Undergrad: 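I have a structure I would like to understand better, so I am pasting it below and will then ask my questions one at a time.
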Amino acid sequence: MASVKAEYIGTTTARFTPDKKAISKVFTRDSARATPVKGKTDIEDDQETVLDITAPHVPYDDTGRRTYEKICQKLDVVPSSKILRKLAESPSIDIRHYGLGPKGTMAVSVALVINSTVTTLNISGNNIDKTGILYIQRMMEENITITDLDVSDNHLKTFGAKAIGMMLQDNKGIRRLSIAGNEFTDLDATFLTKEIEIHPTLDYLDISRNGFGDIAAPFFEKMISENNNMTELNISWNQFRVPGAKCLARGLKDNMKLKLVNASWNGIDDEGALAFSDCLSNNAVLTELDISCSRIGDKGYAQVMRAFKKNEDLEVLRIGKNNIKEETVKLSIDLLKEITTLKLVLLDLSDVMLGASVVKELESLEEVHPNLEVVHGYTDSYGKRKMAGFADLGEEALWIIKEFIEEKDLTVAKLFAEFDEDGSNSVDYDEFRQGIKVRVNEFRQGIKQAKIPLSSSQVDALINFIDMDGDGDIDFSELVLKMKEITKKRKEEDEQRAAEARKRR
């Protein structure tokens, strides 16, 4: 293995071109007997030297369970009962923060070369290291069923960026890829953006929480403008400033596929916001844009809002957690009243404080746009707020659902039943995502159809937050327990604020 690692680490050329034969030897060395060979039948380890014709034929195990057990034994790794169960029964393996390490990753990878049913693999937060990402990359060269891969939070750095680039070059079937939080920098952009740009099936990309900035921005501009397949991009929590924001906006202006873009928590500033305004004025495809917490002030906010004079197709704009004054918000309300053909259903101004007079103006906006919800922060009455300032995105998303249920006079049970078509009190991740994103059917006579205002990233965070046992399904009981948990937490926060207010009097 050391020679193989040296083979990869020593690569200094722009393209990552290790000796695949050497990798293949290492990858198959421990799994050769688990992989069917033409002209041979599978045999057990203790039958290698003595042919026992009385031994029953062992059928080929296309789940990879037997292979996984054997590799774990060879590597002195304790087999996971959860992984064994998922290999046999589920199309989804979610083993985030499972403590696999490189050896455990190798065992799973070898099994997945054989497995023909798993379509989703989440191996985030497992400290898989350089060795582990090599096995993932090698496995994805052979695997034709996995279309959803998450290797986030594994500290992969430059080595991992190269391996992921190679994986995208060889695997043309992957549709969803999450590589967030892997300490990638500007210098790693070339290994990723070129392959993403030309990938024929990649639909969703999460590259957030990395160190990409203005130096890498031109590569991302080209990637965004030239990609003809991707519909969702999360590039939040990076280090793009004004020059980088302009590049991202120009790329988005030319893209005719992307529908959801999250560029929040970057240093976009007012100049960058102006570039995004120009993008929105010339893009009729984008339905959701998140540029919250991006150092945008009144000038930038006003420019973005003016784009609605030309853009009637954007449905969700998140621009909260910026330095926006209520006077500027009031002017934007007047602007929205003049535009009667908007599709906008959510304007997120969370953490932007509004006084009673502006809130009253917001209420009058409902006459022109009855389906539009404007989320804002604290009002001028202490302790009141439209939206909780949760640090955790999953908690925030669940609170939004709670407010939606209360507003529509529904119950948790009725909402869940809309997702749970077979009445099993359990739905898988895809069913839950679909149920959240589509318009909710009329639950009662006279209630309008409405869309729960959550972004794709919020839905993913919500799923992670609710699925307490990590079995890949959302149970009704899990949803109820989490709803009670955040309600209790909110009540305690409100009581604490009230107590503090009494002390100040």
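Remember, it's a predicted structure, so these values are computed and weren't measured experimentally. The first residue of the sequence shown is numbered 1, and numbering continues consecutively from there.
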Undergrad: Taking atom CG of Asn323 as the centre, does the number of heavy atoms from other residues, nucleotides or ligands within less than 6.0 Å exceed 12?
TA: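 Open: at most 12 neighbouring heavy atoms sit under 6.0 Å from CG of Asn323.
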Undergrad: Mind listing the closest non-hydrogen atom pair of Leu168 and Glu195 along with its distance?
TA: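 Closest approach of Leu168 to Glu195: CB-CB, 3.9 Å.
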Undergrad: Could you tell me which non-hydrogen atom of Ile179 sits nearest to which non-hydrogen atom of Asn182, and how far apart they are?
TA: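 That closest heavy-atom pairing would be O-ND2, 3.2 Å.
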Undergrad: Can we say Glu142 and Arg138 salt-bridge, meaning some charged N sits less than 4.0 Å from an Asp/Glu carboxylate O?
TA: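 Salt bridge: yes.
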Undergrad: Around Phe219, counting heavy atoms of other residues, nucleotides and ligands shown, do more than 12 lie under 6.0 Å from its CZ?
TA: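 Open.
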Undergrad: Do the charged groups of Asp214 and Arg241 touch, with an N to O distance under 4.0 Å?
TA: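 Salt bridge: no.
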Undergrad: Atom CG in Leu248, atom OG in Ser225: separation rounded to 0.5 Å?
TA: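 Here the interatomic distance stands at 11.0 Å.
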Undergrad: For the side chain of Asp348 and the backbone of Ser350, is there at least one donor-acceptor N/O pair under 3.5 Å apart?
TA: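 Yes.
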Undergrad: Start with the C-alpha gap between Arg176 and Thr147, add the side-chain angles, then the distance that decides, and say whether side-chain contact (heavy atoms from CB on, under 4.5 Å) holds.
TA: CA-CA 6 Å; Arg176 296 176 61 89; Thr147 58; over 6 Å; no
Undergrad: Are any non-hydrogen side-chain atoms of Met139 and Val113 less than 4.5 angstrom apart?
TA: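 Met139 vs Val113: side chains touch.
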Undergrad: Taking side chain to side chain contact (heavy atoms under 4.5 Å, CB included) as the criterion, tell me which of Val151, Ile123, Ile133 meets it with Thr105.
TA: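 Among Val151, Ile123, Ile133, the one that satisfies the side chain to side chain contact (heavy atoms under 4.5 Å, CB included) with Thr105 is Ile123.
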Undergrad: If only side-chain N and O atoms count, and only distance matters, is there a donor-acceptor pair under 3.5 Å linking Glu395 with Trp399?
TA: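 Trp399 vs Glu395: no donor-acceptor pair found between side chains.
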Undergrad: Rounded to the nearest 0.5 Å, how far does CG of Leu342 lie from NE2 of His369?
TA: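 His369 NE2 to Leu342 CG: 4.5 Å, rounded to 0.5 Å.
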Undergrad: Output yes when a side-chain donor or acceptor of Asp334 lies under 3.5 Å from a complementary backbone atom of Ser332, and no otherwise.
TA: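 Not at all, since once roles are kept as given, no pair shorter than 3.5 Å links the two residues.
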Undergrad: Indicate yes or no for a side-chain donor-acceptor contact from Asp206 to the backbone of Ala180 under 3.5 Å, with no hydrogens or angles considered.
TA: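 Pair absent, no side-chain N/O of Asp206 close to backbone of Ala180.
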Undergrad: Short question: side chain of Lys82, backbone of Asp94 - any donor-acceptor pair under 3.5 Å?
TA: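 Yes, because the side chain of Lys82 sits within donor-acceptor range (under 3.5 Å) of the backbone of Asp94.
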Undergrad: Has Asp270 got a side-chain atom pairing as donor or acceptor with Gly297's backbone, closer than 3.5 angstrom?
TA: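 Judged by distance alone, yes, a pair lies under 3.5 Å.
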Undergrad: Going by atom types only, do Asp150 and Ser152 share a side-chain donor-acceptor pair under 3.5 Å?
TA: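 Their side chains do contain a donor-acceptor pair, which is all the 3.5 Å distance test asks for.
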Undergrad: Any side-chain to backbone donor/acceptor pair from Asp269 onto Val242? Under 3.5 Å, distance only.
TA: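 Checked: no pair found.
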Undergrad: Going by the salt bridge (Lys or Arg N to Asp or Glu O under 4.0 Å) test, name the single residue among Lys299, Arg295, Lys246 that passes it with Glu271.
TA: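 Only one of Lys299, Arg295, Lys246 forms a salt bridge (Lys or Arg N to Asp or Glu O under 4.0 Å) with Glu271, namely Lys246.
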Undergrad: Is it the case that atom NZ in Lys402 sees more than 12 heavy atoms from other parts of the structure closer than 6.0 Å?
TA: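 More than 12 heavy atoms, drawn from other residues, nucleotides or ligands, come within 6.0 Å of this atom.
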Undergrad: Check the orientation of Trp237 and Trp265. Use parallel for under 30°, tilted for 30 to 60°, and perpendicular for over 60°.
TA: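 The arrangement is parallel - the two ring planes meet at less than 30°.
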Undergrad: Between Lys157 and Glu183, is the closest basic N to carboxylate O distance under 4.0 Å?
TA: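 Yes.
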Undergrad: Of all the heavy-atom pairs spanning Leu87 and Asn115, show the shortest one and how long it is.
TA: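 Looking at all heavy atoms of both residues, the shortest contact is O-ND2, 3.1 Å.
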Undergrad: So which of Leu314, Val316, Leu260 actually passes side chain to side chain contact (heavy atoms under 4.5 Å, CB included) with Thr287?
TA: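 For Thr287, the side chain to side chain contact (heavy atoms under 4.5 Å, CB included) check succeeds only for Leu260.
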Undergrad: Please check this pair: side chain of Asn171 against backbone of Met140, looking for a donor-acceptor N/O pair closer than 3.5 Å.
TA: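 Flag set: sc Asn171 to bb Met140 pair under 3.5 Å.
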Undergrad: Just verifying a value: how many Å separate Leu336 CG and Leu344 CG, rounded to the nearest 0.5 Å?
TA: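 One finds 7.0 Å between CG of Leu336 and CG of Leu344.
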Undergrad: Going from CD1 on Ile291 to OH on Tyr301, what distance comes out if it is rounded to the nearest 0.5 angstrom?
TA: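 Rounded to the nearest 0.5 Å, the CD1-OH separation comes out at 10.5 Å.
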Undergrad: Any side-chain to backbone donor/acceptor pair from Glu326 onto Gly355? Under 3.5 Å, distance only.
TA: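 Checked: pair present.
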Undergrad: Do the non-hydrogen side-chain atoms of Leu398 and Leu479 ever get within less than 4.5 Å of each other?
TA: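 Side chain of Leu398 against side chain of Leu479, heavy atoms only: contact under 4.5 Å found.
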Undergrad: Please lay out, stage by stage, how Val118 and Lys86 fare under the test side-chain contact (heavy atoms from CB on, under 4.5 Å).
TA: CA-CA 8 Å; Val118 172; Lys86 293 289 186 180; over 6 Å; no
Undergrad: For Gly320, is there any backbone N or O sitting under 3.5 Å from a side-chain donor or acceptor partner on Asn322?
TA: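 Confirmed, Asn322 side chain pairs with Gly320 backbone.
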Undergrad: How close do Phe184 and Ile164 get, counting heavy atoms only, and between which atoms?
TA: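 Distance-wise, the nearest heavy atoms are CZ-CD1, 4.0 Å.
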Undergrad: Between Leu349 and Ile319, is a side-chain contact (heavy atoms from CB on, under 4.5 Å) present by the stated rule, with each step listed?
TA: CA-CA 6 Å; Leu349 294 171; Ile319 195 169; 3.6 Å; yes
Undergrad: Are Phe212 and Ile235 side-chain neighbours, meaning at least one heavy-atom pair lies under 4.5 Å?
TA: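 A side-chain contact is absent here, since even the closest heavy-atom pair is not under 4.5 Å.
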Undergrad: With a 6.0 Å cut-off (strictly less than), is the heavy-atom count around NZ of Lys172, excluding the residue itself, greater than 12?
TA: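 Above 12, so yes.
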Undergrad: Counting only heavy atoms not in Ile215 (residues, nucleotides, ligands), do more than 12 fall under 6.0 Å from its CD1?
TA: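 No, because the 6.0 Å sphere around CD1 of Ile215 holds 12 heavy atoms or fewer from other groups.
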Undergrad: Roughly how far, to the nearest 0.5 Å, is the CZ atom of Phe240 from the OG atom of Ser294?
TA: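 Here the interatomic distance stands at 11.5 Å.
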Undergrad: Does His199 reach the side chain of Ile174, with side-chain heavy atoms less than 4.5 Å apart?
TA: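 Heavy-atom side-chain distance check passes, below 4.5 Å.
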Undergrad: Is Leu187 close to Thr158 at the side-chain level, that is, under 4.5 Å between some pair of heavy atoms?
TA: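 Contact flag for Thr158/Leu187 side chains = no.
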Undergrad: If you round to the nearest 0.5 Å, how far is CZ of Phe159 from CZ of Phe191?
TA: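 Separation between the atoms: 11.5 Å.
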Undergrad: Quick one: does any side-chain atom of Ser281 pair with a main-chain N or O of Cys279 as donor and acceptor, under 3.5 Å?
TA: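 Checking the backbone N and O of Cys279 against the side chain of Ser281, no donor-acceptor pair under 3.5 Å is found.
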Undergrad: Quick one: closest heavy-atom pair of Ile339 and Lys309, and the distance?
TA: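 Residues Ile339 and Lys309, closest heavy atoms: CD1-N, 3.8 Å.
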Undergrad: Which heavy atom in Pro102 sits nearest to a heavy atom in Thr131, and how many Å separate them?
TA: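 Where Pro102 meets Thr131 most closely, the heavy atoms are CB-CB, 4.0 Å.
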Undergrad: Can you find a side-chain donor-acceptor pair between Thr231 and Asp203 that sits under 3.5 Å?
TA: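 Yes, Asp203 and Thr231 have a side-chain donor paired with an acceptor closer than 3.5 Å.
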Undergrad: Got Leu362 and Ile333 here, is their nearest side-chain heavy-atom distance under 4.5 Å?
TA: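 The answer is yes, as the side chains (C-beta and beyond) meet within the 4.5 Å cut-off.
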Undergrad: Take Tyr135 and Ile128 through the side-chain contact (heavy atoms from CB on, under 4.5 Å) test and state the conclusion after the steps.
TA: CA-CA 10 Å; Tyr135 284 113; Ile128 68 177; over 6 Å; no
Undergrad: Find out whether His376 and Val329 are in side-chain contact, i.e. whether some heavy atom of one side chain is under 4.5 Å from a heavy atom of the other.
TA: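 The answer is no; the side chains never approach within 4.5 Å.
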Undergrad: Less than 4.5 Å apart, side chain to side chain, heavy atoms only: is that true for Val359 and Glu363?
TA: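 Touching, per the 4.5 Å side-chain cut-off.
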